[in-house]
Amino acid sequence: MQDPLKTPSAGWFVVVEGIDGSGKSTHLPFIQQCLSELGHQVVLTREPGGSVLAESIRELVLHSPMDGLTECLSVFAARRDHLLQTVWPALRQGQTVLCDRYLDSSWAYQGGGRGVDDGLLEQLSQSVEAGGAGPHLVIYFDLPASVAAQRRAKRDAQVQSLDRFELEDVAFFERVRMGYQRAAARRDPKTVHWIDAEQPIESIQKTLKEILSRP
Ligand code: ADP
Ligand code: TYD
């Protein structure tokens with residue numbers, strides 16, 4: 001039998017990142033549509049989650065109290081299963097995987113937000129990606145934490161229960177935002193695209209279209 005971990009991948013692996021309230025959910029359908037129009041067969045997935053096991057871990061991470069290291073190990077465990085069960089099989093079939101959050105969220109939230117050290121994050125990052133492809137494109141929605149908090153307050157006015165991250169304060173999300181800078185710095189610059197998420201939605205869509213249309 002062919003070793004699934006040794007098979008080269010063919011599809012694109014596109015990741016969308018940003019602090020809570022930065023506009024990911026608003027723009028994901030547009031990104032999906034652009035990719036489809038460009039001829040990609042798109043599989044939309046998310047982290048933490050995207051496989052049966054990883055979705056169970058997501059519930060715990062979002063709602064059960066735990067310390068920063070436990071949280072970190074949990075999101076990486078979910079990621080390994082998601083890669084093995086969902087992402088790599090789809091890429092091998094030539095499909096394009098559009099992923100709502102990925103590894104950079106761990107550098108941002110567990111590294112920047114919770115203070116998990118870079119050495120451990122690097123070791124875990126290399127371990128979970130061993131044997132398969134990493135992202136070809138990472139799109140970061142960048143927004144000051146105070147603006148994101150105002151947008152979330154408006155959006156969530158009717159929401160009864162927030163998850164453990166949505167309950168964090170502006171200082172936490174500013175550290176998360178800085179964590180994204182460190183996450184991007186370890187990537188091949190050709191794969192990194194920053195979006196100024198303070199721009200109007202139409203301008204952001206224009207930029208996204210340009211990014212996705214490049215070969
Ligand atoms: P996320 O999925 O990153 O948490 P959302 O896409 O839900 O963020 O956006 C948070 C809120 O901000 C939503 O109410 C959305 O309508 C609004 N929003 C998103 N992008 C913009 C923008 N560029 N300008 C103004 N408001 C925006
Ligand atoms: P998200 O799906 O963006 O939540 P929502 O749909 O409510 O906006 O992400 C869930 C949360 O998980 C988000 O607050 C960030 C957090 N998270 C981490 O802390 N580390 C990770 O590695 C990932 C992938 C997500």
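Keep in mind it's a predicted model, so treat the numbers as computed, not measured. When a residue number appears, it is its place in the shown sequence, counting from 1. In each ligand, atom 1 is the first atom listed, and ligand 1 is the first ligand listed.
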Item to check | Residue, atom name and distance, where the atom is the protein heavy atom closest to atom 25 (C) of ligand 2 | outcome: P48 CD, 3.4 Å
Item to check | Donor-acceptor contact below 3.5 Å, side chain R46 vs main chain D100 | outcome: no
Checklist entry - Which bit of R46 is near ligand 2, meaning a heavy atom under 4.0 Å away: side chain, backbone, both or neither? => result neither
Checklist entry - Quick one: nearest non-hydrogen protein atom to atom 8 (O) of ligand 2, plus distance? => result D20 OD2, 3.9 Å
Can you give me every donor-acceptor pair (side chain of residues 194-201, partner residue at least two apart or in another chain, under 3.5 Å) with its distance?
from	atom 1	to	atom 2	distance (Å)
D196	OD1	E198	N	3.0
D196	OD2	Q199	NE2	3.1

Checklist entry - If you look only at pairs with a residue in residues 95-119, which of them pass as a ring-ring contact (aromatic ring centres under 6.0 Å, His included), with sequence neighbours excluded? => result F13-Y102, Y109-F165
Pairs under 3.5 Å, nitrogen or oxygen of ligand 1 with protein nitrogen or oxygen:
from	atom 1	to	atom 2	distance (Å)
ligand 1	2 (O)	S25	N	2.9
ligand 1	2 (O)	S25	OG	2.5
ligand 1	3 (O)	S22	N	3.2
ligand 1	3 (O)	G23	N	2.9
ligand 1	3 (O)	K24	N	2.9
ligand 1	4 (O)	G21	N	2.7
ligand 1	4 (O)	R155	NH1	2.9
ligand 1	6 (O)	S25	N	3.4
ligand 1	6 (O)	T26	N	2.8
ligand 1	6 (O)	T26	OG1	2.5
ligand 1	7 (O)	R155	NH1	2.8
ligand 1	8 (O)	G23	N	3.1
ligand 1	23 (N)	Q199	O	2.9
ligand 1	24 (N)	R151	NH2	3.3

Checklist entry - What are the two closest heavy atoms between G111 and L121, and how far apart are they? => result CA-CD1, 3.6 Å
Checklist entry - In the protein, what heavy atom is nearest to atom 23 (C) of ligand 2, and what distance, to one decimal place, separates them? => result S105 CB, 3.4 Å
Checklist entry - At the 4.0 Å heavy-atom cut-off, does R164 count as touching ligand 2? => result no
Checklist entry - Any idea which protein heavy atom is nearest atom 5 (P) of ligand 2, and the distance to it? => result E166 OE2, 4.4 Å
Checklist outcome for this item: Scanning both residues in full, the closest heavy-atom pair of Y140 with V192 reads CE1-CG1, 3.8 Å
Next on the checklist: Go through it in stages, so that I can follow the logic: the residues are D81 and I57, the test is side-chain contact (heavy atoms from CB on, under 4.5 Å), and I'd like the CA-CA distance, side-chain angles, deciding distance and then a yes or no.
Outcome noted: CA-CA 10 Å; D81 194 64; I57 296 173; over 6 Å; no
Checklist entry - Hey, are E166 and R152 close enough for a salt bridge, meaning a charged N less than 4.0 Å from a carboxylate O? => result no
Checklist entry - Closer than 4.0 angstrom: is that true for some heavy atom of L103 and an atom of ligand 2? => result no
Item to check | Atom indices of ligand 2 within 4.0 angstrom of S106 heavy atoms, with elements | outcome: 21 (C), 22 (O)
Item to check | Structural part of V61 in contact with ligand 2, heavy atom criterion under 4.0 angstrom | outcome: neither
Checklist outcome for this item: closest protein heavy atom to atom 1 (P) of ligand 2 is R101 NE, 3.5 Å
Checklist outcome for this item: So for E47 against ligand 2, with non-hydrogen atoms under 4.0 Å, the contacting part is both
Donor-acceptor pairs under 3.5 Å, side chain of residues 167-184 to any protein atom, not counting sequence neighbours: which ones?
from	atom 1	to	atom 2	distance (Å)
E168	OE2	R114	NH1	2.7
D169	OD1	A171	N	3.4
D169	OD1	F172	N	2.9
E174	OE1	A145	N	3.0
E174	OE2	R177	NH1	3.3
R175	NE	G112	O	3.3
R175	NE	G113	O	3.4
R175	NH2	G113	O	2.8
R177	NE	D142	OD1	2.9
R177	NE	L143	O	3.3
R177	NH2	D142	OD2	3.1
Y180	OH	E17	OE1	2.7
Y180	OH	G18	N	3.2
Y180	OH	G18	O	3.4
Y180	OH	R101	NH1	3.1
Y180	OH	S105	OG	3.3
R182	NE	D118	OD2	3.2
R182	NH2	D118	OD1	3.1

Checklist entry - Of K24, R58, R79, which has the heavy atom at the shortest distance from atom 6 (O) of ligand 2? => result R58
Item to check | Flag, side chain of S74 to backbone of V61, donor-acceptor distance under 3.5 Å | outcome: no
Checklist entry - In the single-linkage hydrophobic clustering (I, L, V, M, F, W, Y; side-chain heavy atoms under 4.5 Å), do L98 and V43 co-cluster? => result no
Checklist entry - What is the nearest protein non-hydrogen atom to atom 19 (O) of ligand 2, stated with its residue, atom name and distance? => result Q110 NE2, 2.9 Å
Checklist entry - Which residue supplies the protein heavy atom nearest to atom 10 (C) of ligand 2, what is that atom called, and how far is it? => result L62 CD2, 3.7 Å
